[in-house]
Amino acid sequence: MSQEPVSNFIRTIIDEDLASGRYQQVVTRFPPEPNGYLHIGHAKSICLNFGLAASYSGRCHLRFDDTNPAKEEQEYVEAIKTDVRWLGFDWGEHLYFASDYFEQLYQWAVQLIEAGKAYVDSQSADEMRANRGSLTEPGVDSPYRERSVAENLELFERMKNGEFPDGKHVLRAKIDMKSPNMNLRDPAIYRILHARHHRTGDRWCIYPMYDFAHGQEDSLEKVTHSICTLEFEDHRPLYDWFVAQLGIHAPQQIEFARLNLSYTVMSKRKLLQLVTEQHVESWDDPRMPTISGMRRRGYPAAAIRNFCEKIGVGKGYSWIDLSVLEESVREVLNKTAQRRMAVLQPLKVVITNYPDQVEELQAPNHPQQPELGNRTLPFSRELYIEQDDFMEDPPKKFFRLGPGREVRLRNAYIIRCDDVIKDEHGQVVELRCTADLETLGKNPADGRKVKGIIHWVSAAHAKSVKVRLYDRLFNQENPDKADDYLQVLNPDSLQVTEALAEPNLLTACSGDTLQFERVGYFCVDSQDSTAAAPVFNRTVTLRDTWAKVK
RNA sequence: UGGGGCGUCGCCAAGCGGUAAGGCACCGGAUUUUGAUUCCGGCAUUCGCAGGUUCGAUCCCUGCCGCCCCAGCCA
């Protein structure tokens, strides 16, 4: 699947670690918190972690970082597993949960207390904040900082036994309240939380904090390279401190820049809000930047993988244009999608010199791949073409239909527009045309050139299908910069319309993606489409240089 | 103004002391029964700025400038 890997700073580090003998193999992990659905930003991390493991013949674990029962749910665990699998990655036997390590983590906390490296603090959250200092002022020691080991042990035990309400005490690592790195100013490592955990139920009422859990989880799994995003750079000294104090296997944490995509938001909080406040249908709404939304939209997994490969990985804050993703989608779909014809905004055409009969024309399913075979298209005297393909007073650069002009009907004849029929409002409602019946499958014998080619359907045979046209969810390039990102939602992100399609479209199955020639790629909606009432989602438009010329 | 990072073409991004890969975008042109696809060609005398070391610097040193992150009992 992948050929020459692109060099990047992470591979460089791994190469050095392997060369120096610091590690003998490569073990990575993708560690989502099950508090929401995966999005395209997670895809970058998944492709990176699983890709690196595959490239170095190592392994990659899927580990749920479920240390905060207040926000996490089983539903998310299942959705995440589905998405990672769909993206094409396999964790094999290596499925883990932070919650499986709770007992070990608790023992390690006790060990730290015994070593005089952790203490129970009984300040309130407000007092702790006040004593933490600021970016420019050092913090001050907690009055509880010098409690005896015995007292700490006893209090921590009682915390575990549920003898205190939430927030009454907290276990802190004893490091340095004056450290310029805020994360080292005696970070909280265990808090009291009387909450039901989706996997451990009511067994625990104290839960480890991220900093006290993540590195140890990596260590237990013998992870060699723990890849995370830039904001954890400041946590690395803490990460290293814990594994050093505990004397356990030390993985190397490496930070990279998370993905930012134009015209979309990536924070789970905001995505959750879009769902709960019904700005979109659901987590898998085709407008969502979630993996499940993109899947439903018709984006192939390979396109997402190619995209992640293409954007690279670095440490600088990057901003990727949505068009890069869309190009990746077209790249895959162009090769795989069968072609069909459908008219979105119909304009009637009558071929006046064509007899009252039905002809069966042959059309290739894919112009560049004859092995995909042909399909049959019914052709008759009355057709529909796209309104956009006719102009009453066309400019010179427009080479579609106009009064007296000729155009090729794709896979059929060349026609000339003789008359334009309008209704009482002056609206063009019908075109009277003549077909050159000698041009089926060949160019005019007299050598005249007809540059325009338009798509069409036979009026009597066309099938009506529901079509959903999706556009970017936000109107502003960076919705996070708006005062309120909800204010810049694109009101036209979804347009529902009926299209008239060639009969062959009805044989498409759920999940199939087809190209409506000259219009775009469309897939059968996995939720709402039925044989009786088909629903197609527009995956992405075709590139349209004419639109730019206009 | 404490600490941690980052600054190479419009957007990503290679490069690791020997004289600027690649992709996307863009601009030409060819083929084409999708104004699609495909195909050719063009596209940074220059690497945030200023000094210094060196025969030679985007790569090393110094000083500026700009941007991002950190004061959750979130991850």
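Numbers restart at 1 for each chain; the letters A, B, ... are given by sequence-line order, proteins then strands.
- Taking the six-membered ring wherever Trp is involved, the centroid distance between the rings of A/Y37 and A/Y76 falls below 6.0 Å.
- Of the listed residues (A/F232, A/Y190, A/Y239), just one forms a ring-ring contact (aromatic ring centres under 6.0 Å, His included) with A/Y210, and that residue is A/F232.
- Partners of A/H169 under the side-chain hydrogen bond (donor to acceptor under 3.5 Å, both in side chains) rule, at least two apart in sequence or in another chain, are A/S122.
- If you check distances only, the side chain of A/D234 does reach the base of B/G3 with a donor-acceptor pair under 3.5 Å.
- Helical stems in RNA chain B, defined as runs of 3 or more consecutive Watson-Crick or G-U wobble pairs with both donor-acceptor distances under 3.5 Å, are listed by first residue as B:2-7 with B:65-70, B:10-12 with B:22-24, B:26-30 with B:38-42, B:48-52 with B:60-64.
- As a whole-Å value, the separation of A/N181 CG from B/C70 P is 13 Å.
- Each salt bridge (Lys or Arg N to Asp or Glu O under 4.0 Å) pair with one or both residues in residues 226-237 of chain A, not counting sequence neighbours, appears once here: A/E231-A/R258, A/E233-A/K315, A/R236-A/E255.
- A glycosidic torsion no more than 90° from 0 defines the syn conformation, and B/G72 adopts it.
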Scan nucleotides 24-29 of chain B against the protein and return all N/O pairs shorter than 3.5 Å with their distances rounded to 0.1 Å.
from: B/C26; atom 1: OP1; to: A/K548; atom 2: NZ; distance (Å): 2.6

Start with the C-alpha distance between A/Q252 and A/S226, add both sets of side-chain angles, then the distance that settles side-chain hydrogen bond (donor to acceptor under 3.5 Å, both in side chains), and finish with yes or no. CA-CA 6 Å; A/Q252 173 65 52; A/S226 178; over 6 Å; no

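- In this structure, A/Q515 reaches the bases: a heavy-atom distance under 4.0 Å links it to at least one base atom across the strands shown.
- Contacts between residues 253-266 of chain A and RNA chain B, defined by a heavy-atom separation under 4.0 Å, are absent.
- Taking both residues in full, the closest heavy atoms of A/T439 and A/I414 are given as OG1-N, 3.0 Å, listed atom of the first, atom of the second, then distance.
- RNA chain B lies under 4.0 Å from at least one heavy atom of each of the following residues of residues 312-320 of chain A: A/V313, A/G314, A/K315, A/G316, A/Y317, A/S318, A/W319, A/I320.
- Judged by distance alone, the side chain of A/Y101 and the main-chain N or O of A/L220 form no donor-acceptor pair under 3.5 Å.
- A salt bridge links A/D436 to A/R448: at least one charged side-chain nitrogen sits closer than 4.0 Å to a carboxylate oxygen.
- Using P as the reference atom, B/U45 and B/G5 are 32 Å apart when rounded to the nearest Å.
- Between A/K310 and A/E327 there is no salt bridge, since none of the side-chain N atoms of the basic residue sits less than 4.0 Å from a carboxylate O of the acidic one.
- Taking only distance into account, the side chain of A/Q368 never meets the base of B/U38 through a donor-acceptor pair shorter than 3.5 Å.
- If you check the side chains of A/S99 and A/D66, you find a donor sitting under 3.5 Å from an acceptor.
- Between A/W456 and A/F379, the gap from one ring centroid to the other is short of 6.0 Å.
- With C1' as the reference atom, B/A57 and B/C16 are 12 Å apart, rounded to whole Å.
- Counting atom types as modelled, A/R408 pairs a side-chain N or O with a base atom of B/U33 as donor and acceptor under 3.5 Å.
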